[in-house]
There are 2 protein chains.
Amino acid sequence: MTSVEEPARTGGRIRDAARTRAEILDVATKEFARAGLAGARVDEIAALTRTTKRMIYYYFGGKEQLFTAVLERAYSVIRQAEQDLDVEHLDPVAAIRRLAELTFDHHEAHPDFIRLVSIENIHEAEHIAASEQLGKIGSPALEVIHRILESGRKSGLFTADVDAVDLHAMISSFCFFRVANRHTFGALFGRDLTAPDQREHYRAMLGDMVIAYLTADRTA
Amino acid sequence: MTSVEEPARTGGRIRDAARTRAEILDVATKEFARAGLAGARVDEIAALTRTTKRMIYYYFGGKEQLFTAVLERAYSVIRQAEQDLDVEHLDPVAAIRRLAELTFDHHEAHPDFIRLVSIENIHEAEHIAASEQLGKIGSPALEVIHRILESGRKSGLFTADVDAVDLHAMISSFCFFRVANRHTFGALFGRDLTAPDQREHYRAMLGDMVIAYLTADRTA
DNA sequence: TCACTAATGTACGAACTAGTACGTTAGCTA
DNA sequence: TAGCTAACGTACTAGTTCGTACATTAGTGA
């Protein structure tokens, strides 16, 4: 998610509002993810950019607004990935599995996003609530899930009476926990949930779990 | 988890090491859960007790050690609940469901514990790692799960080739996410995962999910 | 009952930290 | 090319925050 590419610096002061803003966001993302909202230091964020603290206040207004901007950009990444997903050509079982894997892959690839969301939950989602961009926009994945569920039930494949939001929660919980809680889980049980050689194991486990739930024999 | 009962104060200074220590722990638990390690204030914790900041340093040494002590006590609660669980008389399916419900109930009843664990993960479990009491002690639930899985597989009921730690992760992820991420989930999707009238719905969903996974038809 | 120590209280300081007042300049536009 | 403004830098402050030096006393054991 690094947005700043060119370190082009010719000597004198360079002016590039977009680049300065993006660089602050990049650094702030790492810093907030590392230390939390209260733990992150505005001075430290500024020091890690090419510019000064003054610019953080100039572009974002303050520490909290900067955090909100960081969150907004982090959420836009997964939303884009969900939007780019194409599962219309797949059968319901394969489609759900594909969608679950998308969440699995995204969360694994973006641990900073996971940390930011954890931190935002400590703050009871007040920044999301205050954000025009993030408030109750839902997720592109929800509509996709909804359509797959419809089709799966119609064909008799899916027996579960579950709605899209709950299924999304089920998928997210597994993917989120695996990344977010890997430290305490590893420290307590001696197992690294994100060990590379176990990746396929957990990826398959997620799919198996969701499909088993959706297709379970419910005649008993 | 409140340990301090008697506010007995006769006028002069009262000395009760155990009570003072416990009161600090009670207040610190709430404060750390509310604001995180960096966000919590030692002065604020002290102000909410009957004693002074000096006592925090006297009994715990510092802010970080106090946080570790808070974590240790919080973990001891769920460990005790797991130890008290008796599922030996149940069939494997009922036993697993009962165990999952125990985690579900505990996490719902102890949101502060969930927040503390989230916070500890932001700090990459460094306090657990440094704690003699918490380092790799595992969980009483693991042995229970192990025995149930053995028995379920032997009887042919369970088809899944899963080990106790992974199943524990599956159960925990659902229960943990539901409480830890309820704020962002609610803000984004407009659904309160911890709404009291949905409690039984999610409790059943967890059990259905785990049992479906364990008993799925894997002949195909 | 006397002395000793664990337990407690007070007051303070050094370092940090978010935010801002004020000054400067690059680069665009008329 | 003159001047205007968005973009940027410096230096500072008011308030906070962790931690501690020092003083005090309740309760216990000899």
Side-chain angles (χ1 to χ4, degrees), chain A residues 3-4 6-32 34-70 119 123 126-127 130, chain B residues 3-4 6-28 30-32 34-70 119 123 126-127:
Chain A
S3 309
V4 177
E6 312 212 357
R9 186 129 173 84
T10 37
R13 185 156 56 179
I14 283 179
R15 305 199 157 198
D16 188 336
R19 200 190 61 174
T20 300
R21 230 189 95 99
E23 187 180 9
I24 292 171
L25 273 180
D26 285 344
V27 171
T29 297
K30 286 179 205 148
E31 196 58 13
F32 280 130
R34 188 183 64 77
L37 176 52
R41 301 290 165 232
V42 177
D43 282 302
E44 179 65 12
I45 293 172
L48 292 171
T49 65
R50 226 174 322 229
T51 184
T52 63
K53 182 165 58 159
R54 178 71 184 76
M55 289 299 97
I56 291 175
Y57 291 90
Y58 182 71
Y59 284 112
F60 299 96
K63 192 184 184 184
E64 299 252 334
Q65 291 105 306
L66 176 58
F67 182 74
T68 301
V70 163
I119 291 159
H123 296 281
E126 62 180 66
H127 306 92
Chain B
S3 310
V4 178
E6 311 212 358
R9 186 130 173 83
T10 37
R13 184 156 55 178
I14 285 178
R15 308 203 154 193
D16 188 336
R19 200 190 60 174
T20 301
R21 232 189 94 98
E23 187 180 9
I24 292 172
L25 272 180
D26 285 344
V27 171
K30 286 179 205 148
E31 196 59 13
F32 281 129
R34 189 184 64 76
L37 176 52
R41 300 288 164 235
V42 176
D43 282 302
E44 178 66 12
I45 292 172
L48 292 171
T49 65
R50 226 175 325 230
T51 183
T52 64
K53 182 165 57 157
R54 178 72 183 75
M55 290 298 97
I56 291 175
Y57 291 90
Y58 183 72
Y59 283 112
F60 300 96
K63 193 184 185 185
E64 298 252 336
Q65 291 104 307
L66 176 59
F67 182 74
T68 301
V70 163
I119 290 159
H123 297 280
E126 61 181 69
H127 306 92

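These numbers were taken from a predicted model, which means no experiment stands behind them. A note on names: the letters A, B, ... follow the listed sequences, proteins ahead of strands, and every chain is numbered from 1.
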Those residues at least two apart in sequence (or on a different chain) that pass ring pair (Phe, Tyr, Trp, His ring centres under 6.0 Å) with Phe32(A) are Phe67(A)
Any side-chain N or O of Arg54(A) less than 4.0 Å from the OP1 or OP2 oxygen of dG9(D)?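 So the side chain of Arg54(A) is outside the cut-off, no N or O lying under 4.0 Å from OP1 or OP2 of dG9(D).
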What is the distance, rounded to the nearest whole Å, between atom CD of Glu64(A) and atom P of dA18(C)? 11 Å
Whole Å only: how far is the CZ atom of Arg15(B) from the P atom of dG27(D)? 7 Å
Lys53(B) or Arg21(B), whichever maps to the more 5' nucleotide of DNA chain C: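 So the residue in question is Arg21(B).
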Sequence neighbours excluded, which residues qualify as salt bridge (charged side-chain N to carboxylate O under 4.0 Å, His left out) partners of Arg34(A)?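 Partners of Arg34(A) under the salt bridge (charged side-chain N to carboxylate O under 4.0 Å, His left out) test: Glu31(A).
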Between the two ends of the helix from dT1(C)-dA30(D) to dA30(C)-dT1(D), what is the bend in degrees, rounded to 10 degrees, where each end axis spans five pairs?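 Overall, the helix from dT1(C)-dA30(D) to dA30(C)-dT1(D) bends by 10° from one end axis to the other.
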Assign Ala40(B) to base, sugar-phosphate, or nothing according to its heavy-atom contacts below 4.0 angstrom with the strands shown. sugar-phosphate
Can you list every ring-ring contact (aromatic ring centres under 6.0 Å, His included) pair that touches residues 34-60 of chain B, not counting sequence neighbours?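 Every candidate ring-ring contact (aromatic ring centres under 6.0 Å, His included) pair involving residues 34-60 of chain B fails, so no pair, neighbours aside, qualifies.
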Side-chain donor-acceptor pairs of residues 36-47 of chain B under 3.5 Å, sequence neighbours excluded:
{"from": "Arg41(B)", "atom 1": "NH1", "to": "Ala38(B)", "atom 2": "O", "distance (Å)": "3.0"}
{"from": "Asp43(B)", "atom 1": "OD1", "to": "Lys53(B)", "atom 2": "NZ", "distance (Å)": "3.1"}

Taking only heavy atoms on the protein side, list every residue of residues 42-49 of chain B lying under 4.0 Å from any atom of DNA chain C, sorted numerically. none
Using heavy-atom distances to pick each residue's nearest nucleotide on DNA chain D, tell me which of Tyr59(A) and Leu37(B) is more 5'.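 Nearest nucleotide further toward 5': that of Tyr59(A).
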